[in-house]
Amino acid sequence: VSDARLDLDAFYAAVYPRLVGQLTLLTGNVDDAREVASDAVVRLLPRWDKIATFEDPEAWLRTVAYRLAVSRWRRAKVATAGLVRLREAQHVAGPDGTDADLTRALSRLPLGQRQVLVLHHVVGLPLEQIAAELGVAVGTVKSRLGRGRAALALTLEAPVETTS
Amino acid sequence: MTDPLEQRLQQAATAASNRASPPPLLGLRHRSRRRRTAMIGAPLAVAGAVAAGAFGLQPQDRDRITTEPATGEDHDAVVTFTVQLTGTLAEPGASALQACTELPGVMPTGPLTYGRSGTATITVEGSSSIQTFDSCISDIAGYQVQRSDEIAAETAAARARWEAVGSSNYTYRLSHRCFCPVGEFDVTVTEGQAVSVTQRSGEDRRAPERFQLSIDDLFALIEQPPAGVSSVRAQYDARYGFPTRIDVDRDPQAIDDEYTYVIIAYQPATAAGQQAEPTWPPYGTQQIRIDARPSDPTPAVGDEVVVEVIVTGNADRDPFLQGPRVDDSDPGWIAGSCPAPAEGSPPPARPQTLRKTFRLTFDTPGRHEVAFRADSSCSYYHGDAEHVLVLDVQPGS
């Protein structure tokens, strides 16, 4: 039993905003990010006694949240036209410091690439740990990171112009 | 050397973090508690099924239930709905209302009526949840509601029917359902007095004598609820008048304290005075089939698996669906409708379908069995079925 048992309130207060920040990049909007983060915390609460003893409880919560985001994304892909409309309607960058270009560029990437970009550049995880968290080979992580970075750089530096 | 792309990603994440004050943990705890039964429930599919008229309802008395979104701040995407219900919402409207309150992002913050007369304050978070809830609750408005004076009249009529047609010597089978160990019991009544009770099935290991109740005792429970009971709702057999289902709620603000009695068989004693095996309802049996389709039969730990469950039967009512059960102490989730039967001869059997979507997650890898059980306990055509879904959960990180 860990003698440095975490306090749930302190853990929640510290981790929730961080998680929403990461999920915003992953999902494309802060509303979805908050809903997914809350859903992940709902799953955490009944298991807290056990998870609090883990070496890295935040990794557990992050993994669950990312999977929920992926499930949500998959559902959105096959959802009814009404739900798709709702999702598109939420896709609005706010006048509050949101990096709209970045959000848009990220939303065009495959989800796997987005995940790796966030885990590596925002969470700061080494490639081996990302591979472990996602359950994929290190080579896959490298390849997703490389492609994601290349696509992002291309989009951000040379925005696609629309012509009529 | 600073990586500009990394810097930009971090700045965007930090900006979003700074705007994300955590919602009160208390609200999430409440959702977590609900999730135990509704982990399970809640899905959009239920609301969709209700909206699509899968329960076979005809909207009536639209003016008796009103809904009003009361307050809202768009930037926080939180809206408080006030649901005003005058009169008691009949099934399946009550179940449909409950399904709306179990949708993702919906947090009841005031006294919940669950179909009973009163006002419920329901906070909904997230813009998509708000629209879904709004649509769900709009579909509920208009379902049949029952006023308290009509309920009293219905009970009196049922008791009169029971006293005219019922017997003083009979056996009946009582099913006790609750968020607790459940069971089925055969009760023998002689000269109006319950003289013996035998447990037939179920996990309930407590003394079965608690269920040594005559039909008249059940009527007394309905007409004069004991202290500590806030609400009793009942449905009655059209032929004999005895209650076929009694829903008892002790505390309207608590969840999982409700319990239900369902009479699933009734048999008057033979002329020789011997108690016979209960055979009611006498109109026939039905075959019920359960089909469970998981979105992914080999999910990873933590993944959400969407299981579509379809119950089909051939009866006069919707079947009931119960599941999934986590372990023997978990009664699972029960869905279905049990409208008051029509007067006269038993209704013809016809194909019935109940659809429900369950959302499951697993904490441990390996083989997991999820049991679904369906029955037609309030139908004239008795039948039941069980289906065990096996999922091979893959290790996660």
Side-chain angles (χ1 to χ4, degrees), chain A residues 8-9 12-13 16-25 30-35 37-39 41-47 59-60 63-64 67-68 70-72 74-75 79-80 82-83 86-87 89-90 94 96-99 102-103 106 117-118 120-122 132-135 149 152-153 156, chain B residues 3-25 27-36 39 43-44 48 75-78 104-105 107 125-132 135 295-296 299-306 359 361 363 394-397:
Chain A
L8 174 60
D9 291 329
Y12 175 66
Y16 181 89
R18 204 149 56 215
L19 192 59
V20 170
Q22 298 158 20
L23 290 167
T24 301
L25 298 183
V30 73
D31 287 341
D32 275 358
R34 290 168 66 157
E35 285 187 35
S38 297
D39 279 352
V41 173
V42 167
R43 282 167 166 75
L44 169 84
L45 291 175
R47 304 171 176 88
W60 186 94
T63 303
V64 169
R67 285 184 179 150
L68 287 173
V70 172
S71 292
R72 194 184 177 92
R74 283 185 185 141
R75 270 208 308 281
T80 61
L83 285 175
L86 287 179
R87 187 176 176 77
Q90 289 175 12
D96 44 17
T98 307
D99 189 339
L102 180 67
T103 307
L106 277 168
L117 282 165
V118 172
H120 187 62
H121 291 305
V122 179
E133 272 200 18
L134 297 182
R149 281 185 60 92
L152 217 47
L156 290 174
Chain B
D3 174 354
L5 180 60
E6 181 168 289
Q7 207 169 24
R8 198 162 168 183
L9 283 164
Q10 287 177 350
Q11 281 169 354
T14 306
S17 296
N18 291 341
R19 287 183 287 124
S21 56
L25 202 51
L28 296 182
R29 279 187 200 280
H30 186 72
R31 280 171 62 187
S32 172
R33 172 147 164 64
R34 292 204 61 78
R35 184 169 286 278
R36 197 173 160 213
M39 179 175 192
L44 296 170
H75 66 276
D76 279 331
V78 174
M107 287 175 284
E125 187 178 343
S127 48
S128 63
S129 299
I130 290 164
Q131 294 194 35
T132 308
S135 163
S295 58
D296 181 359
V301 168
D303 274 1
E304 185 174 80
V305 186
V306 181
R359 301 180 188 283
T361 53
D363 295 336
Q394 306 298 308
S397 56

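Values below: all heavy atoms of this structure, side chains included; hydrogens, waters and symmetry mates excluded.
- For the atom pair Asp3(B) CG and Leu9(B) CG, the distance stands at 8.5 Å (nearest 0.5 Å).
- With sequence neighbours excluded, no residue satisfies side chain to side chain donor-acceptor pair (under 3.5 Å) with His120(A).
- For chain B, the nearby part of Val30(A) is the side chain; its heavy atoms alone come within less than 4.5 Å.
- Heavy-atom distances place the side chain of Leu106(A), and not its backbone, under 4.5 Å from chain B.
- Of the possible polar contacts, one joining the Gln10(B) side chain to the His121(A) backbone as a donor-acceptor pair under 3.5 Å is found.
- Leu44(A) is not listed as a side-chain neighbour of Tyr12(A), based on a closest heavy-atom distance of 4.5 Å or more.
- Only the side chain of Leu5(B) comes within less than 4.5 Å of a heavy atom of chain A; its backbone N, CA, C and O stay farther away.
- There is no contact between Asn18(B) and chain A, counting heavy-atom distances below 4.5 Å.
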